[in-house]
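Because the structure is predicted, anything quoted here is derived from the model rather than measured.
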Amino acid sequence: MSFPLLTVTAAVPAAGAILTAAVPAARRTAAKWLALLFSLATLALAVLVAIRFEPGGDRYQLTESRAWIADFGVRYELGVDGIGVALIALTALLIPFVIGAGWHDADPLETSSTRWRPTQGFFALILLVEAMVIISFEATDVFLFYIFFEAMLIPMYFLIGGFGDRAHAGSDENAAAQRSYAAVKFLLYNLAGGLIMLAAVIGLYVVAGNFSLQEITAARAAGTLDMATNTERLLFLGFFFAFAVKAPLWPLHTWLPNAMGESTAPVAVLITAVVDKVGTFAMLRFCLGLFPDASKWATPVVLVLALISIVYGALLAVGQRDIKRLVAYASISHFGFIILGIFAMTSQGQSGATLYMVNHGISTAALMLVAGFLISRRGSRLMADYGGVQKVAPVLAGTFLIGGLATLSLPGLAPFVSEFLVLVGTFARYPVVGAIATVGIVLAALYTLVLYQRTMTGPVKEEVREMPDLRLREVLVVAPLIVLLIGLGVYPKPLTDIVNPAVQHTMSDVKQSDPKPEVAVEAVPAKNGEAAK
């Protein structure tokens with residue numbers, strides 16, 4: 001029996017969550033270091049997964065399969081393709097930075113009238129979310145995926161509702177009410193999506209007789225699975241609705257600004273850079289893999305919704321005065337680009353969408369974590385309360401600028417490559433849709449530069465005159481993300497080599513090929529009686 005690498009990769013953060021939660025109450029610092037140690041061990045395992053994965057090999061590798069609930073055809077089946085490997089690596093990479101950035105976010109507040117907040121629980125919940133996200137990227141049994149797709153809502157609910165933004169420290173009662181509202185809204189939206197998906201999962205079992213993704217896709221390819229057109233479309237809608245809530249896609253997005261605004265900055269990163277990626281990943285793996293014909297049938301409507309997300313999210317970001325809500329609405333716009341690339345049904349679009357998931361995770365983490373450091377110093381999320389920060393904290397302002405430029409997909413930074421591929425892939429099949437989507441690029445430049453101008457430039461406000469620059473711990477959190485943004489912007493080949501074969505498999509599932517470019521051929525005048533060419 002081969003070493004169960006995928007199981008261990010998900011089990012290590014789960015074990016870390018249990019041990020961290022068990023640390024005695026007085027040993028808060030020990031709990032932090034223990035959580036960081038387990039997150040780094042998970043990162044090492046994710047690197048090993050990437051090393052052992054062969055891009056030119058089988059579609060699903062490092063597979064594991066064990067009987068689980070045999071009477072209902074449920075198996076413990078794991079396997080990764082190139083897309084899963086990339087997102088597991090992203091998750092494992094970001095969690096140590098999330099822990100480092102939130103080092104003091106769950107410490108007791110001496111000036112607060114609220115009860116002591118359990119530091120151990122905060123870091124244990126982060127590790128628990130990591131474990132559930134990783135196994136969601138690994139699961140090739142639909143029922144197994146569904147369990148963890150839903151289970152991750154529980155720790156996220158407590159992270160949002162129990163550990164709020166320190167910018168509200170002066171109004172504990174009001175802050176608690178807002179956190180509770182954001183957490184409940186997050187839970188209700190995602191539970192509603194999950195319940196509809198559960199009905200579709202049961203319907204899939206009735207039609208296919210099992211939950212194995214590999215067996216069902218093989219049967220579809222061989223023509224041995226009889227699935228009526230209307231049945232396939234209904235099942236697709238059940239799955240897609242749940243993934244669109246998680247992604248989030250307009251008009252199912254409204255929980256995200258509340259959840260990110262009321263969370264600590266590290267938890268906000270966990271939401272949009274890690275958890276939400278499960279939704280877009282699942283669109284590629286399950287919607288297109290299980291229901292290829294229905295996916296093509298729904299493409300026109302999905303493209304319209306993606307366009308609305310791109311433009312609507314960007315417009316609302318332009319009008320925001322709250323820093324964290326601005327980043328939240330910008331993320332809605334970016335998720336629109338990801339979904340646009342997935343349903344453009346071209347290899348460039350889907351490769352770009354996968355790269356966008358990774359690059360958006362890194363860029364949003366960099367911007368949001370620096371914004372969190374800024375907010376913790378001033379105690380306010382409003383842009384109007386800042387001004388001239390670059391003169392008193394140049395390192396903070398510089399990293400904030402790079403994170404912002406990555407958000408607007410500046411050439412030379414990682415998101416540019418992915419956004420370019422998404423637009424090229426969309427133009428190839430849907431030129432009008434691609435043209436409209438470019439509006440999001442213009443608006444991204446507007447809200448990013450306005451954010452930087454209002455917070456970092458201009459006269460130094462009295463309230464920020466004594467603001468300290470980034471400390472060593474904060475630099476160690478942000479600097480690697482900046483390096484990655486530049487490195488993957490200049491040389492994205494390591495990621496594309498892993499992702500492209502998986503994208504080709506997905507294109508094969510939906511029986512699509514890239515449209516041939518229309519090249520105008522100039523007629524050559526005839527000479528010496530020869531026929532004109």
[X] side chain to [Y] backbone, donor-acceptor under 3.5 Å:
X	Y	result
Ser333	Gly313	no
Thr272	Ala268	no
Thr455	Gly387	no
Arg285	Gly84	no
Arg465	Val460	yes
Asp497	Pro55	no
Arg454	Ala384	no
Thr20	Ala124	no
Thr438	Ala435	yes
Arg429	Met345	yes

> Are Phe158 and Phe163 close enough that their ring centers fall under 6.0 Å?
Replying inline: no
> Centroid-to-centroid, His253 to Phe335, below 6.0 Å?
Replying inline: no
Are [X] and [Y] packed together at the side-chain level, in the sense that at least one heavy-atom pair is separated by less than 4.5 angstrom?
X	Y	result
Phe97	Leu481	yes
Leu288	Ile342	yes
Ile362	Leu488	yes
His104	Lys32	yes
Phe286	Phe243	yes
Ser351	Thr496	no
Leu485	Ser363	yes
Asp105	Phe123	no

>> Would you say CH2 of Trp103 has more than 12 non-hydrogen atoms from neighbouring residues, nucleotides or ligands within 6.0 angstrom?
In response: yes
Does either side chain, that of [X] or that of [Y], offer a donor lying less than 3.5 Å from an acceptor on the other one?
X	Y	result
Tyr189	Thr254	yes
Gln320	Tyr447	no
Tyr386	Glu463	no

What's the shortest heavy-atom distance between [X] and [Y], and which atoms?
X	Y	result
Phe373	Val478	CE1-CG2, 3.6 Å
Ser136	Val278	CB-CG1, 4.2 Å
Leu127	Ala17	CD1-N, 3.7 Å
Leu340	Ala437	CD2-CB, 3.7 Å
Ile160	Ala259	CD1-CB, 4.0 Å
Leu421	Gly352	CB-CA, 3.6 Å

>> For Gln390 and Thr457: C-alpha separation, side-chain torsions, deciding distance, then whether side-chain contact (heavy atoms from CB on, under 4.5 Å) applies.
In response: CA-CA 6 Å; Gln390 67 180 8; Thr457 65; 3.9 Å; yes
Rounded to the nearest 0.5 Å, what separation is found between the [atom1] atom of [X] and the [atom2] atom of [Y]?
X	Y	atom1	atom2	result
Leu90	Ile95	CG	CD1	9.0 Å
Ile375	Leu382	CD1	CG	9.0 Å
Ser376	Met467	OG	CE	8.5 Å
Tyr329	Asp322	OH	CG	10.0 Å
Phe343	Thr299	CZ	OG1	6.0 Å
Leu43	Leu94	CG	CG	10.0 Å

>> For a side-chain contact (heavy atoms from CB on, under 4.5 Å) check, start with the C-alpha distance between His334 and Thr407, then their side-chain angles and the critical distance, and finish with the verdict.
In response: CA-CA 9 Å; His334 294 148; Thr407 298; 3.3 Å; yes
> Would you call the rings of Phe281 and Phe137 parallel, tilted or perpendicular if under 30° counts as parallel and over 60° as perpendicular?
Replying inline: perpendicular
> Should Thr42 and Thr91 be marked as a side-chain contact (heavy atoms from CB on, under 4.5 Å) after you check the CA-CA gap, both sets of side-chain angles, and the distance that decides it?
Replying inline: CA-CA 10 Å; Thr42 306; Thr91 302; over 6 Å; no
Do [Y] and [X] meet the salt-bridge criterion of a basic N to acidic O distance under 4.0 Å?
X	Y	value
Asp385	Lys461	no
Arg381	Glu262	yes
Glu150	Lys246	no

>> With side chain to side chain contact (heavy atoms under 4.5 Å, CB included) as the test, pick out the partner of Met456 among Leu401, Val464, Leu374.
In response: Leu374
>> As a quick check of understanding, evaluate side-chain contact (heavy atoms from CB on, under 4.5 Å) for Thr364 and Val269, giving each step before the final call.
In response: CA-CA 7 Å; Thr364 299; Val269 169; 5.6 Å; no
